Amino acid sequence: MSQHTQPVFDPSEVISFNDAMMEKITAVIKKFPEGKEKSALIRMLHIAQAEFGWVSVPAMNKIAEILSIQPVEVYEVASFYTMFHLQPVGKHVFEVCRTGPCALVGSDELISYIQDKLNIQVGETTEDGLFTLKTAECLGGCGYGPLLQCRNQYHEHLTPEKVDALIEQYKSGQIQ
Amino acid sequence: MKNRRLLLEHIDVPGIQGIEVYQKQGGYDTLTKALKNFSPDGIVEEVKKSGLRGRGGAGFPTGLKWSFLAKPEGVPRYLVCNADESEPGTFKDRYLMEKIPHILIEGMILSSYALGANTSYIYIRGEFMYILDILEKAIAEAHAKGFLGKNIQGSGFDHEIIVTPGGGAYICGEETALLESLEGKRGNPRIKPPFPAVKGLWGCPTVVNNVESIAAVVPIVREGGDAYANIGIGKSTGTKLISACGNLARPGVYEIELGVSVEEFMYGDDYCQGIANGKKLKACVPGGSSVPILPHFLVTKTANGEDRLMSYESLADGGFASGSMLGSGGFIVFDEDQCIVRNTWNFTRFYAHESCGQCSPCREGTGWMEKILYRLEHGQGNLRDIDLLEEMNKKIEGNTICPLGDAAAWPVAAAIRHFREEFEWHVNHAADAQKRNYGLIQQPVVA
Ligand SMILES: Cc1cc2nc3c(=O)[nH]c(=O)nc-3n(C[C@H](O)[C@H](O)[C@H](O)COP(=O)(O)O)c2cc1C
Ligand code: SF4
Ligand code: FES
């Protein structure tokens with residue numbers, strides 16, 4: 001419900017999933033009983049996003065084809081859940097928690113700091129395409145805030161100094 | 001009170017994430033013994049005797065919930081573990097799964113045996129993808145040792161556990177939304193009845209339990225239901241994981257014996273060690289963002305002046321007028337510099353963002369409340385807004401498909417109930433509302 005961005009749509013585009021992706025997808029589908037393969041959908045969206053950085057319409061069409069369901073069944077799911085980026089994003093997406101417990105320990109200030117540091121607003125991507133800044137609702141780390149998530153990693157107890165170091169580490173490829 | 005630990009007892013043992021070390025500490029012994037000595041119903045009996053109440057928030061007795069499970073012939077039954085943990089203030093399930101994953105796996109097998117479920121699912125929030133990897137590794141280890149798969153330990157019981165992620169949506173913590181999501185759909189809660197115990201996952205009888213509830217089945221079966229019931233206080237039996245956060249000197253996850261005093265938990269050396277930076281306590285939300293906020297003078301004492309305890313009953317003492325709830329155990333502490341109006345706006349923004357949008361009182365109501373609270377917080381509100389919020393609250397509460405509507409309405413109602421002065425101050429000092437803080441409210445003098 002919460003994601004209001006429209007997917008970028010070019011009907012002529014097709015996409016193919018590489019062997020490694022297909023292997024993962026096949027293993028996930030096998031986990032569910034026959035006829036209930038649709039249960040693999042959310043994990044397949046994660047697999048696609050991990051590979052391409054975001055979830056495009058052709059990627060969703062491909063998922064629909066693999067699961068033998070209508071493309072709209074994939075779109076409606078992808079747009080419901082906030083983790084899926086339906087627009088291209090930077091190489092590293094910082095998702096900063098903005099919910100109450102984190103706000104009590106300085107998440108609003110942290111968000112402003114990152115905006116100034118990267119010279120972008122929430123929702124934007126730096127010109128070099130390296131960083132996208134987003135906010136997130138409670139990430140389940142409230143005792144360790146303020147914090148942000150980037151891919152599968154949590155970066156907790158953040159301070160301006162730690163953010164500076166983090167950005168350098170991402171830039172230099174020290175953290176992937 | 002002694003700090004009794006049943007779930008986190010071995011948390012500091014190096015390597016406890018792996019099965020070898022977990023077994024050295026007695027891990028899987030309970031399962032092995034139970035498969036020999038207990039019938040499935042025998043385990044349900046122990047869980048009933050233990051008095052365990054669901055640790056996901058609602059506090060419904062787990063044994064009773066299990067006894068409602070329909071058992072039609074030839075239809076599979078499922079256990080689904082709710083690892084969606086997204087209630088603001090709560091981060092205990094993540095801690096448990098990350099640090100000691102095998103206690104959840106052992107609990108899943110025991111519980112599934114009790115319920116007659118040959119396949120069970122762990123639905124974990126998508127943001128915890130790294131924990132999904134930890135759990136899958138633990139499951140593979142348990143398989144290799146013969147605790148999962150066919151004919152476990154010669155008992156004739158077959159079992160598989162499958163972990164599956166969400167995609168970022170608080171509402172998927174609500175059990176029927178979770179089931180929808182597990183079926184690969186949008187997380188729209190279902191209309192109840194039918195309850196999952198009759199029609200759950202793919203229309204089959206299903207029990208949904210929180211991570212901590214399922215893990216607690218291990219010490220319950222090990223110690224016996226009666227022994228477990230002796231721990232804690234009254235109907236708040238056993239131990240509970242508390243996620244302590246906000247302006248505390250030592251935030252983190254603590255396992256407490258239910259019944260420890262709030263005073264000791266908040267200030268004691270074994271626990272949170274008081275408010276950070278020597279500041280004063282302003283308020284506390286003791287059970288996750290959905291439960292009523294308490295002003296400082298109702299946190300460690302009830303309205304009757306009795307010591308407030310960390311238990312289902314004591315935290316609720318005084319009803320909504322002067323009490324709150326234990327909820328999911330997300331213990332959020334506010335120091336004297338925090339602004340209640342700002343926090344109420346923040347929480348309402350959360351619920352507006354997370355409403356699934358199916359029912360108009362929730363979808364529209366949370367959105368409108370957020371706008372009004374934004375206005376108040378930013379010095380653009382008027383006194384009528386405060387009454388308007390109260391009116392809207394009453395229209396949302398009880399008029400929605402799932403309890404998210406109530407969860408959104410209650411915190412606003414409680415904030416106005418206890419901190420009306422502070423809301424009014426925001427209207428009357430509009431220019432200062434964002435620069436200064438109102439400070440502490442005074443305890444009303446009762447004549
Ligand atoms: C909006 C909403 C969010 C919820 N989120 C969670 C959650 O993140 N984790 C959880 O265990 N229960 C959550 N619940 C409660 C579940 O619906 C359900 O009662 C619980 O998983 C049952 O397990 P238990 O009896 O072991 O507590 C939520 C309920 C609602 C209404
Ligand atoms: S109360 Fe809100 S979250 Fe729950 S079903 Fe209705 S709209 Fe969805
Ligand atoms: S409020 Fe930020 S992680 Fe929970």
Side-chain angles (χ1 to χ4, degrees), chain A residues 1-3 28 30-33 35-47 49-50 55 63 67 69 73-74 76-84 95 97-108 135-145 147 149 151-154 156-157, chain B residues 76 85-91 93-94 119 121 125-130 133 160 162 164-172 181-188 202 243-248 251-253 276 285 289 330 332-335 338 342-343 346-347 349-350 352-357 363:
Chain A
M1 222 347 244
S2 19
Q3 200 160 340
V28 170
K30 268 212 215 115
K31 288 176 191 282
F32 296 97
K36 311 296 179 200
E37 291 83 359
K38 193 176 169 185
S39 287
L41 173 51
I42 294 176
R43 194 145 180 200
M44 288 166 75
L45 288 164
H46 282 295
I47 292 170
Q49 180 155 300
V55 181
I63 290 173
L67 288 175
I69 57 178
E73 293 179 71
V74 183
E76 66 169 8
V77 167
S79 62
F80 183 86
Y81 296 95
T82 51
M83 288 183 79
F84 302 116
E95 311 216 36
C97 174
R98 66 174 191 182
T99 314
C102 277
L104 292 176
V105 293
S107 61
D108 289 344
T135 53
E137 298 295 352
C138 183
L139 290 170
C142 327
Y144 323 118
L147 55 86
Q149 181 167 38
R151 279 204 182 227
N152 287 351
Q153 284 192 53
Y154 278 76
E156 300 175 325
H157 298 296
Chain B
E85 187 157 81
S86 15
E87 172 90 352
T90 314
F91 47 101
D93 297 337
R94 170 185 172 199
T119 310
Y121 294 89
R125 64 179 296 181
E127 291 87 344
F128 291 172
M129 200 58 91
Y130 76 101
D133 294 339
E160 297 293 342
I162 286 150
T164 185
Y170 166 67
I171 191 57
C172 292
S181 183
L182 213 165
E183 292 180 6
K185 297 184 257 172
R186 297 163 67 93
N188 288 339
W202 302 309
S243 320
C245 61
N247 306 119
L248 285 165
V253 176
V285 176
S289 63
I332 313 167
V333 169
F334 300 66
D335 73 23
Q338 302 300 339
R342 188 170 183 80
N343 181 71
N346 181 304
F347 277 169
R349 181 180 65 181
F350 171 83
H353 185 268
E354 300 300 330
S355 165
C356 85
R363 181 187 63 240

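Here is the naming used below: chain letters follow the sequence lines, and residue numbers restart at 1 for every chain. This structure is a prediction, so every number in the text was calculated from the model and none was measured.
Contact tally against chain B (heavy-atom pairs below 4.5 Å) for A:P33, A:C97, A:G145, A:A40: the top residue is A:P33. If you tally non-hydrogen atom pairs under 4.5 Å between each of B:V253, B:I332, B:N247, B:V285 and chain A, the highest count goes to B:N247. With chain A as partner, the option from B:E87, B:E85, B:R125 having the largest number of non-hydrogen pairs under 4.5 angstrom is B:R125. When the candidates B:S243, B:S289, B:G166, B:S86 are compared by the number of heavy-atom contacts under 4.5 Å with chain A, B:G166 comes out ahead.
Atom OH of B:Y170 sits about 9.5 Å away from atom SG of A:C138, to the nearest 0.5 Å. Interatomic distance, CG of A:N152 versus CZ of B:F128, reported as 12.0 Å (0.5 Å rounding).
Here the closest heavy-atom approach between residue B:A169 and residue A:F80 is recorded as CB-CE2, 4.0 Å. Nearest heavy-atom pair across B:G89 and A:C142 is N-SG, 3.2 Å. Nearest heavy atoms, A:Y81 versus B:G167: CB-O, 3.1 Å.
No donor-acceptor pair closer than 3.5 Å links the side chain of B:N343 to the backbone N or O of A:A103.
Results of the side-chain contact (heavy atoms from CB on, under 4.5 Å) test with B:M129 over A:R151, A:H46, A:M83, A:Q149 single out A:H46 as the only residue that passes.
With contacts defined as side-chain heavy-atom distances shorter than 4.5 Å, the pair A:F32/B:L182 qualifies. Using a 4.5 Å heavy-atom cutoff, the side chains of A:S39 and B:Y121 are not in contact. Contact annotation: the side chain of A:E76 never approaches that of B:K185 to less than 4.5 Å [non-hydrogen atoms, C-beta and beyond]. Between A:D108 and B:R342 there is a side-chain heavy-atom pair separated by less than 4.5 Å. The side-chain heavy atoms of B:R186 and A:S79, taken from C-beta on, include a pair separated by under 4.5 Å. When side chains are defined from C-beta on, A:E95 does not count as touching B:E127, because their heavy atoms never get closer than 4.5 Å.
Proximity to chain A is absent for every atom of B:L248, based on heavy atoms less than 4.5 angstrom apart. Within the 4.5 angstrom heavy-atom criterion, no atom of B:T119 approaches chain A. Contacts between B:F350 and chain A at a heavy-atom distance below 4.5 Å involve backbone atoms as well as side-chain atoms. Only the side chain of A:L41 comes within contact range of chain B, with heavy atoms under 4.5 Å apart. Only the backbone of B:T90 comes within contact range of chain A, judged by heavy atoms closer than 4.5 Å.
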